[in-house]
Structures are given as C-alpha cells and as structure tokens.
Amino acid sequence: MTQHNYRRGARVQLHAATDAWMMGDRYGVVTGYKGALTRVKLDKSGRSVLLREDDIAEEVERGPLLPHVCPKCERHFSTRSGLWSHMRRTPGHIASAFPRGAAR
C-alpha cells in the first residue's frame with residue numbers, strides 16, 4: 001500500500017511548475033488517491049486532477065471545508081448530518097465512535 005503525505009480533506013497549494021498553478025488554480029482540497037497519485041479538487045475551476053506528490057508544494061491548512069471526519073474510515077464530510085447519515089448506513093461505525101464503557 002502506498003503511503004501518502006497528505007490526508008483527505010487537507011487544503012494544499014500546487015507547485016508553481018504545474019500548468020494548473022500557472023492558469024490560476026493554485027489551491028485545492030485532497031479528495032482521494034489512485035495508486036501513487038493524489039486526487040485534488042481545485043478551488044477556482046472545480047476540476048479534480050491527479051497529481052504526483054512532487055506537484056503539491058505544501059499543505060496550507062487542515063481541511064476547513066470538510067471539517068467532519070468519520071472516526072472509523074477517516075472519510076470527510078462538509079456537514080455533521082452527512083457524517084451521521086454515513087455512520088448510520090455503515091455497520092460498525094457508530095460502535096467505533098462510542099466504545100462500550102467510555103465516558104460520555
């Protein structure tokens with residue numbers, strides 16, 4: 001399995017040598033992976049592009065656009081209701097969020 005430097009939901013800046021950066025698409029959000037490539041949804045154009053780790057200059061800040069994270073599968077959601085509907089539909093996710101005997 002490939003180790004990735006950027007987590008899903010992380011806001012990143014593209015490297016200045018990329019075509020997207022030169023066309024004004026400088027920032028985006030990491031939305032997934034495909035093998036060794038990282039999928040980034042760009043802010044300005046809304047396109048999703050596959051980039052090598054070298055094509056990402058830096059992480060700008062941690063996921064402000066996708067603040068809600070499933071504790072079991074680490075999927076990011078933009079709303080709390082989206083997170084809870086995912087956890088209700090997926091077996092075992094609510095149990096992992098609230099283990100038995102944990103203080104509430």
Side-chain angles (χ1 to χ4, degrees):
M1 182 170 197
T2 305
Q3 182 70 23
H4 297 283
N5 293 331
Y6 304 99
R7 293 181 51 153
R8 285 189 185 121
R11 288 193 45 78
V12 294
Q13 180 178 3
L14 303 186
H15 193 278
T18 60
D19 288 339
W21 192 92
M22 291 184 188
M23 290 187 286
D25 267 331
R26 292 184 167 93
Y27 299 96
V29 177
V30 175
T31 57
Y33 312 101
K34 183 175 183 181
L37 302 175
T38 303
R39 184 178 308 276
V40 176
K41 181 168 173 117
L42 301 173
D43 292 344
K44 185 176 178 184
S45 67
R47 292 183 309 135
S48 286
V49 293
L50 287 171
L51 301 169
R52 296 174 304 143
E53 296 282 331
D54 296 342
D55 291 338
I56 299 174
E58 63 182 345
E59 184 173 337
V60 181
E61 53 191 58
R62 279 244 180 232
L65 298 179
L66 301 171
H68 305 286
V69 182
C70 176
K72 178 137 181 154
C73 65
E74 295 186 356
R75 248 183 96 187
H76 288 74
F77 298 90
S78 58
T79 62
R80 186 178 302 167
S81 62
L83 169 64
W84 281 105
S85 64
H86 160 75
M87 290 177 73
R88 281 194 306 272
R89 286 191 316 265
T90 313
H93 283 227
I94 289 185
S96 69
F98 304 105
R100 275 206 159 135
R104 292 185 190 219

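Keep in mind that what you see is a predicted model, and the values were worked out from it rather than measured.
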Spatial distance of atom [atom1] ([X]) from atom [atom2] ([Y]) [nearest 0.5 Å]:
X	Y	atom1	atom2	result
R11	D43	CZ	CG	4.5 Å
N5	E53	CG	CD	4.5 Å
K44	W21	NZ	CH2	11.5 Å
D54	T18	CG	OG1	12.0 Å
T38	R7	OG1	CZ	13.5 Å

Checklist entry - Are M22 and L42 in one and the same hydrophobic cluster, where Ile, Leu, Val, Met, Phe, Trp and Tyr link if side-chain heavy atoms are under 4.5 Å apart? => result yes
Item to check | R39 and V30: CA distance, side-chain angles, deciding distance, side chain to side chain contact (heavy atoms under 4.5 Å, CB included) verdict | outcome: CA-CA 6 Å; R39 184 178 308 276; V30 175; over 6 Å; no
Next on the checklist: When you compare the side chain of H15 with that of I56, does any pair of heavy atoms fall below 4.5 Å?
Outcome noted: no
Item to check | Closest non-hydrogen atom pair between G46 and K41, with its separation | outcome: O-NZ, 3.6 Å
